Amino acid sequence: MFILIERYIDNLTIEKLNAFAISKGINLSDNELNFSFKFVKNNWKTILSNHGLFDIDKYKNYFSEENFTKIKLLIKEYTLKYGSFLK
């Protein structure tokens with residue numbers, strides 16, 4: 001599973017990330033988008049390896065309240081949906 005994710009992340013562009021966010025009703029500002037892109041590119045392995053321990057609340061100040069709430073719900077949804085594949 002990690003190989004597939006690694007290939008996806010390697011090919012991830014800021015435009016693709018923005019399109020995904022928009023498709024989920026999250027309209028990121030330029031600062032939020034840049035932070036998210038760099039964060040995902042640099043931390044995806046750590047997050048997926050320790051998804052049960054990942055604390056999104058540490059990054060609350062990087063997002064508007066509305067976007068943070070939506071991102072938190074999205075993480076919860078995807079963790080429930082795909083978390084069992086990451087063990």
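Values in this document were obtained by computation on a predicted structure and should not be read as measured data. Counting from 1, the numbers follow the sequence of the chain as shown.
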- [ ] Start with the C-alpha gap between Leu12 and Phe37, add the side-chain angles, then the distance that decides, and say whether side chain to side chain contact (heavy atoms under 4.5 Å, CB included) holds.
- [x] CA-CA 9 Å; Leu12 183 65; Phe37 182 71; 4.2 Å; yes
Open item on the list: Evaluate Leu74 against Phe20 for side chain to side chain contact (heavy atoms under 4.5 Å, CB included), listing each step before the verdict.
Closed with: CA-CA 11 Å; Leu74 187 63; Phe20 174 75; 3.7 Å; yes
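With respect to the salt-bridge test (charged N to carboxylate O, under 4.0 angstrom), the residues Glu77 and Lys81 do not qualify.
In this structure, Lys70 and Ile26 approach most closely via the heavy-atom pair CB-CG1, 3.7 Å. Ser36 and Leu28 make their closest contact through OG-CD1, 4.3 Å (heavy atoms, listed as atom of the first residue, atom of the second, distance).
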Please tabulate, one pair per line, all N/O donor-acceptor pairs under 3.5 Å involving side-chain atoms of residues 54-63, not counting sequence neighbours.
{"residue": "Asp55", "atom": "OD1", "partner": "Asp57", "partner atom": "N", "Å": "3.2"}
{"residue": "Asp57", "atom": "OD1", "partner": "Lys72", "partner atom": "NZ", "Å": "2.8"}
{"residue": "Asp57", "atom": "OD2", "partner": "Lys72", "partner atom": "NZ", "Å": "3.3"}

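When hydrophobic clusters are built by joining Ile, Leu, Val, Met, Phe, Trp and Tyr residues whose side-chain heavy atoms come closer than 4.5 Å, directly or via intermediates, Ile71 is not grouped with Leu73.
A salt bridge (Lys or Arg N to Asp or Glu O under 4.0 Å) check over residues 23-44, counting only residues at least two apart or in different chains, returns nothing.
Taking CG from Asn27 and CG from Asn18, the interatomic distance works out to 8.0 Å, rounded to the nearest 0.5 Å. The structure places OG of Ser49 at 11.5 Å from CG of Asn43, a figure rounded to the nearest 0.5 Å. In this structure, the separation between CG on Leu33 and CD1 on Ile22 is 8.5 Å, given to the nearest 0.5 Å.
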